[in-house]
Number of protein chains: 2
Amino acid sequence: MDKVRILPEIRLKQMVEKLKKNGFRITPQRYAVLKVLAQSENHPSAERIYEQLLTDYPTMSQATVYKTISLLKKTGEVLELEFSEMSNRYDGNKPYPHPHMICTKCGTISDPPMLDFEKLKNKMMEKTGFTISSHRLDFYGYCPDCQKK
Amino acid sequence: MDKVRILPEIRLKQMVEKLKKNGFRITPQRYAVLKVLAQSENHPSAERIYEQLLTDYPTMSQATVYKTISLLKKTGEVLELEFSEMSNRYDGNKPYPHPHMICTKCGTISDPPMLDFEKLKNKMMEKTGFTISSHRLDFYGYCPDCQKK
DNA sequence: TTTCGTGCAAAAGCTTTGCATTAGC
DNA sequence: GCTAATGCAAAGCTTTTGCACGAAA
């Protein structure tokens, strides 16, 4: 599996193909959501995606955004970062587990350099008897900008 | 910071002291919630704590459970694992960040052997300029029991 | 007696769902 | 033309909040 960010256009094509292959239609609304997610570097929330698309797609609804995300989750084409105190955040460019830096002041979520988790994962599987299929690694703190303030 | 599970009775005392020190009263209801959290190995949800206490405290309310947890969060005496698709889960015995194994079949959350995160954290801080104050590391997969089924 | 905590019920916030209308294929 | 998708509004869930009553210091 590739571990670096790929070109949004290429990622978009991948997502479209995957949906088509699974028998889903590519509507203008869906395509628009996919496009935002394919190029997202800022881990947008569903609300944020919706707002961003409203100007170009005035009839866009939140339901459609959520339903599209739901499709992508089923086909493994988006990574969902769950939160309970704020909205979930999504990464469609890198839909596989990777570490995140989360600023607890401004809410920014960014990707630090990738880590090799295979060794750690294998050690964990050995020690616990779990079969690990996924993981989540978040670091919480203040981002460089917020430290200055 | 101690990295292993401590005796529930001792942990309970610590929690009580911390609340007292911060000027909060120790009511029977609060004490009961603290007791469950101090000995919890199974990362209960607020709902689960509430149910568990209903027999001994028939007047117990969910609000009281949530309000007590909220106090503990403020004083750093409970670790909250946030989820959006299910209720949050709590660990009052080990209120500091530590890895979790989460079974995606039966929902069990358990603690694997502790890892030394200091090196990794320091490396991350160097590379990103973040000041990391906390982290979250979850592994998702099937627990040994669920693999048999 | 004054302050704090409890617990009911209502509200809040995010996400999902039902359903009639619209649009892909 | 058949089936799926959209989008509105309502429902669902967990968690928080307002408030009157009761209890603790």
Side-chain angles (χ1 to χ4, degrees), chain A residues 15-37 43-51 53-75 78-90 107 109, chain B residues 15-16 18-37 43-75 78-90 107 109:
Chain A
M15 297 169 91
V16 168
E17 285 318 307
K18 187 65 161 284
L19 287 192
K20 278 187 181 168
K21 208 179 67 185
N22 284 71
F24 300 113
R25 294 176 185 166
I26 304 301
T27 65
Q29 292 94 328
R30 265 185 198 168
Y31 191 76
V33 173
L34 263 55
K35 206 169 158 189
V36 171
L37 282 170
H43 308 79
S45 63
E47 173 76 19
R48 185 86 192 65
I49 297 171
Y50 169 70
E51 285 168 0
L53 293 175
L54 255 193
T55 40
D56 287 340
Y57 303 82
T59 75
M60 176 69 70
S61 73
Q62 308 220 45
T64 296
V65 174
Y66 277 111
K67 282 169 182 170
T68 303
I69 290 173
S70 175
L71 278 191
L72 294 172
K73 283 203 283 176
K74 276 183 209 148
T75 55
V78 72
L79 179 70
E80 179 178 59
L81 281 180
E82 285 188 65
F83 298 97
S84 72
E85 293 189 352
M86 61 180 189
S87 330
N88 293 346
R89 307 281 287 264
Y90 300 92
I109 300 182
Chain B
M15 297 169 90
V16 168
K18 187 65 159 285
L19 287 193
K20 278 187 180 169
K21 206 179 69 186
N22 284 70
F24 299 113
R25 295 176 186 166
I26 304 301
T27 65
Q29 293 93 327
R30 267 184 196 169
Y31 190 77
V33 173
L34 263 55
K35 206 169 158 191
V36 172
L37 283 169
H43 307 79
S45 63
E47 172 77 20
R48 185 86 192 66
I49 296 171
Y50 168 70
E51 285 169 359
Q52 201 169 327
L53 293 175
L54 254 192
T55 40
D56 287 340
Y57 302 81
T59 74
M60 175 70 67
S61 73
Q62 308 221 46
T64 296
V65 174
Y66 277 110
K67 283 169 181 170
T68 303
I69 289 173
S70 175
L71 278 192
L72 294 172
K73 283 203 283 178
K74 276 183 208 147
T75 54
V78 72
L79 178 71
E80 179 179 60
L81 282 179
E82 284 188 67
F83 297 98
S84 71
E85 294 189 350
M86 61 181 190
S87 327
N88 293 346
R89 307 280 288 264
Y90 300 92
I109 301 182

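As a basis for the values below, the full set of heavy atoms in this structure was taken, side chains included, without hydrogen atoms, waters or symmetry mates. This is a predicted model, so every value here is computed, not measured. To find a chain, count down the sequence lines: A is the first, B the second, and so on, and within it residues start at 1.
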Discussion item. Rounded to whole Å, how long is the line connecting atom CG of Leu53(A) with atom P of dG7(D)?
Written reply: 11 Å

Response to the item:
Between Ser84(A) and Phe83(B), the two heavy atoms sitting closest are CB-O, 3.2 Å

Discussion item. Looking at dG5(C), I'd like to know if its phosphate oxygens (OP1 or OP2) sit under 4.0 Å from a side-chain N or O belonging to Gln29(B).
Written reply: no

Worksheet entry | Counterpart residues, side chain to side chain donor-acceptor pair (under 3.5 Å), relative to Ser61(A) (two or more places apart) | Thr64(A)

Practice prompt. Would you sort out whether Leu71(B) and Val78(B) count as a side chain to side chain contact (heavy atoms under 4.5 Å, CB included), showing the intermediate values?
Written response: CA-CA 9 Å; Leu71(B) 278 192; Val78(B) 72; over 6 Å; no

Discussion item. Whole angstroms only, please: what is the CE-C1' distance between Met60(A) and dA5(D)?
Written reply: 12 Å

Worksheet item: Does anything in residues 45-74 of chain B pair up under salt bridge (charged side-chain N to carboxylate O under 4.0 Å, His left out), and if so which pairs, sequence neighbours excluded?
Response: Glu85(A)-Lys73(B), Lys73(B)-Glu80(B)

Discussion item. Looking at every heavy atom in both Thr75(A) and Lys18(A), which two are closest together, and how far apart are they?
Written reply: O-NZ, 3.1 Å

Worksheet item: Partners of Leu53(A) by side-chain contact (heavy atoms from CB on, under 4.5 Å), sequence neighbours excluded?
Response: Ala32(A), Val33(A), Val36(A), Ile49(A), Tyr57(A), Met60(A)

Worksheet item: In the 5'-to-3' direction, what one-character label does each nucleotide of nucleotides 10-15 of chain D receive under the scheme B = base within less than 4.0 Å of a protein heavy atom, S = sugar-phosphate only, - = no such atom?
Response: ----SS

Worksheet item: Do Arg89(A) side-chain atoms and His43(A) backbone N/O form a donor-acceptor pair below 3.5 Å?
Response: yes

Item to complete: State, to the nearest 10°, the angle formed by the axis through the first five base pairs of the helix from dT1(C)-dA25(D) to dC25(C)-dG1(D) and the axis through its last five.
Response: 30°

Item to complete: Answer with base, sugar-phosphate or nothing: what part of the nucleic acid does Ser70(A) contact at a heavy-atom distance below 4.0 Å?
Response: nothing

Worksheet item: What is the distance, rounded to the nearest whole Å, between atom CG of Leu19(B) and atom P of dA25(D)?
Response: 14 Å

Contacts under 3.5 Å, N or O only, protein and nucleotides 19-24 of chain D:
none

Item to complete: Look at Ser61(A) and dC8(D) and indicate whether a side-chain polar atom (N or O) is within less than 4.0 Å of OP1 or OP2.
Response: no

Discussion item. It should be established whether Arg30(A) places a side-chain nitrogen or oxygen under 4.0 Å from OP1 or OP2 of nucleotide dT6(D).
Written reply: yes

Practice prompt. Please name the pair of heavy atoms, one in Ala46(B) and one in Ile69(B), separated by the smallest distance, quoted to 0.1 Å.
Written response: CB-CD1, 4.1 Å

Discussion item. Listing request: all salt bridge (charged side-chain N to carboxylate O under 4.0 Å, His left out) pairs with a residue in residues 23-36 of chain A, at least two apart in sequence or in separate chains.
Written reply: none

